[in-house]
Number of protein chains: 2
Amino acid sequence: MSRPQRVPRAELRQAILESARGILDREGAPGLSARAIAREIGYTAASIYNVFGSMSDILMEVNRDTFARLEQLFDSLPATGTPAARLHLICQAYISFMRRNPALWSALFGGIRQRENFPDWYGEAIRGLMGRLALLLCEHAPELDPERAGRLTEQLYVAVHGAVALEVDRRLDILTAQSASEIAASVLDAMLSRLKPKA
Amino acid sequence: MSRPQRVPRAELRQAILESARGILDREGAPGLSARAIAREIGYTAASIYNVFGSMSDILMEVNRDTFARLEQLFDSLPATGTPAARLHLICQAYISFMRRNPALWSALFGGIRQRENFPDWYGEAIRGLMGRLALLLCEHAPELDPERAGRLTEQLYVAVHGAVALEVDRRLDILTAQSASEIAASVLDAMLSRLKPKA
DNA sequence: ACACCTTATTGAACATTGTTCACTAACTCT
DNA sequence: AGAGTTAGTGAACAATGTTCAATAAGGTGT
């Protein structure tokens, strides 16, 4: 192999991550391997281990980026309409993002390259996303105490997760003719209508 | 390898499946491999391919058995109490079964050895389980039309699936302090209270 | 300009996976 | 007993993640 010029660590790191994202996008999770990345960036598989400790670490960095993209997505949605409508919008945006990027979902939650311990920022990122939902829930039902709003938000997220997980694995249609979007909308409606039976 | 006596096909088939279930139970999904099964039943990995077309086929048979066990579990629950209480009981039984047998869950829904097409009985089995829930839903709210009951049941199943999926992957505690049981109970309550606001 | 040293990069190796296949041993039938 | 069928085997293949001694490139000191 012709030896590449030495390159700043950070640049190589970036190249690896970009390549990983590209492969995930183009070929899905099963196409991602150390050798595939290496081939693409003109290095050898072993070189990747000078920068990252494991394949799982690379996926974690991809995840960090995915969470950032989700935050941006959520914040780029129009802030108009009732809180209920905005909640629906966020849920649908989340689902459609995952539908467009199934491999990113696999990296986030799929069984692909399981790990024991997740870094703190992982949970914080998810809680950050959920915080936006909780705020809207409180707006929708002002008398709702924030702690209960938090719990309801977590329940909503978990339910939506179920729908997305099944849809990304192409298993949802085995259970139901409903789409993930419809299921999420119904669950959200059930939750909202309970808080404000008449509005 | 000392060549085992020839044995009726069906017997070997059974031995393979029992071994697979045993390994899943003892070592979890990552411990399951063609060679591991072969070692346990005193054959060679290649022999397994005289009986099953692929590892995925073996998992599918394990799944068939798991569905049967779930049906038995559901039917063995006491048929007393309100329909609402019985719905809660079934959900909790499902969750606790999966908690006790995480590898069986992985075989059913986890990313482990993905496949494209699922046999018909797979969907039928899940719909069979859901049918029991739908019946109870109709009992709980007699004015509910069966089709909508079916859709609600599917939504419930998907939501519970989300909770179980995260809990089995040891990721639920990253999102929330609530357990899968609590989440399922809350979602179910939300669904029920909407059907019968006052009862 | 030359030698030295540090370190990025490599190729080869290991263990493991699912799966295939030609060969052989064991059984069945005539 | 001999022929034919088939179950079981061992070895092989292509991958995987990961490790490691060897090497080449680059910067540094004189």
Side-chain angles (χ1 to χ4, degrees), chain A residues 1-17 19-20 23-24 26-63 103 106-107 110-117, chain B residues 1-17 19-20 23-24 26-63 103 106-107 110-117:
Chain A
M1 187 124 208
S2 72
R3 216 168 260 242
Q5 291 300 90
R6 273 179 149 192
V7 137
R9 219 31 189 224
E11 221 166 289
L12 180 52
R13 194 188 147 87
Q14 207 51 37
I16 291 174
L17 291 177
S19 167
I23 293 171
L24 283 176
R26 270 176 282 114
E27 312 176 37
L32 187 69
S33 73
R35 286 169 178 85
I37 296 176
R39 203 179 311 128
E40 208 171 78
I41 63 174
Y43 278 75
T44 310
S47 290
I48 291 176
Y49 287 86
N50 294 338
V51 186
F52 290 97
S54 69
M55 274 290 124
S56 172
D57 287 357
I58 294 181
L59 278 185
M60 265 331 213
E61 290 308 308
V62 171
N63 289 343
S106 292
I112 206 64
R113 273 175 262 276
Q114 212 86 338
R115 63 159 51 213
E116 298 301 312
N117 300 322
Chain B
M1 188 128 209
S2 73
R3 213 168 261 241
Q5 290 300 90
R6 275 173 142 199
V7 137
R9 238 350 211 241
E11 221 166 289
L12 180 52
R13 194 187 146 86
Q14 207 50 37
I16 290 174
L17 291 177
S19 166
I23 292 171
L24 283 176
R26 269 176 283 115
E27 313 175 37
L32 186 69
S33 74
R35 287 169 178 84
I37 296 177
R39 205 178 310 129
E40 208 171 77
I41 63 175
Y43 279 75
T44 309
S47 291
I48 290 175
Y49 288 85
N50 294 339
V51 185
F52 290 97
S54 68
M55 273 290 127
S56 172
D57 287 356
I58 295 180
L59 278 186
M60 267 327 214
E61 290 309 307
V62 171
N63 289 342
S106 292
I112 206 64
R113 272 176 262 276
Q114 213 84 337
R115 60 158 54 212
E116 297 300 311
N117 299 322

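This one's a predicted model, so the numbers in the text were calculated from it and none came from an experiment. Convention: sequence-line order gives letters A, B, ...; per-chain numbering from 1.
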**Student:** Can you identify which nucleotide, out of C/dG11, C/dT19, D/dT9, has its nearest atom closest to the B/S54 side chain?
**Tutor:** C/dT19
**Student:** Rounded to the nearest Å, what distance is computed from the CG atom of residue B/L12 to the C1' atom of nucleotide D/dG8?
**Tutor:** 10 Å
**Student:** Using a 4.0 Å heavy-atom cut-off across all strands, classify B/S47 as base, sugar-phosphate, or nothing.
**Tutor:** base
**Student:** Rounded to the Å, how far apart are B/I112 CD1 and C/dT17 C1'?
**Tutor:** 11 Å
**Student:** Which part of the nucleic acid does A/R113 contact within heavy-atom distance under 4.0 Å: base, sugar-phosphate only, or nothing?
**Tutor:** sugar-phosphate
**Student:** Whole-Å distance between C/dT19 P and B/F52 CZ?
**Tutor:** 13 Å
**Student:** Could you tell me the separation between the CZ atom of A/R115 and the C1' atom of D/dG17, rounded to a whole number of Å?
**Tutor:** 14 Å
**Student:** Among C/dT17, D/dT18, D/dA7, which nucleotide has an atom closest to any side-chain atom of A/Y49?
**Tutor:** D/dT18
**Student:** Over all heavy atoms of both residues, which pair between A/I112 and A/A29 is shortest? Give the atoms and the distance, please.
**Tutor:** CG1-CB, 4.3 Å
**Student:** Do B/L12 and B/N50 come within less than 4.5 Å of each other through their side chains, counting heavy atoms only?
**Tutor:** no
**Student:** Rounded to the nearest Å, what distance is computed from the CD1 atom of residue B/I41 to the C1' atom of nucleotide D/dG8?
**Tutor:** 11 Å
**Student:** Let me know the distance between CG of B/L59 and P of C/dT17, rounded to the nearest Å.
**Tutor:** 14 Å
**Student:** Among C/dT17, C/dA13, D/dT9, which is the nearest nucleotide to the side chain of B/R35?
**Tutor:** C/dT17
**Student:** Rounded to whole Å, how long is the line connecting atom CD1 of B/I23 with atom P of C/dG18?
**Tutor:** 10 Å
**Student:** Quick check on C/dT9: is either OP1 or OP2 less than 4.0 Å from any side-chain nitrogen or oxygen of A/T44?
**Tutor:** no
**Student:** Measure the distance from CG on B/N50 to C1' on C/dC21 and round it to the nearest whole Å.
**Tutor:** 11 Å
**Student:** Between D/dT18, D/dG8, C/dT9, which nucleotide has the shortest distance from any of its atoms to the side chain of B/Y43?
**Tutor:** D/dG8
**Student:** Within the 4.5 Å heavy-atom criterion, are A/E40 and A/I37 side-chain neighbours or not?
**Tutor:** no
**Student:** With a 4.5 Å heavy-atom cut-off, do A/L59 and A/L32 have their side chains touching?
**Tutor:** yes
**Student:** Can you find a heavy atom in the side chain of A/S54 that is under 4.5 Å from one in the side chain of A/D57?
**Tutor:** yes
**Student:** Report the nucleotide, chosen from D/dG17, C/dC21, D/dA12, that has the shortest atom-to-atom distance to any side-chain atom of B/A46.
**Tutor:** C/dC21
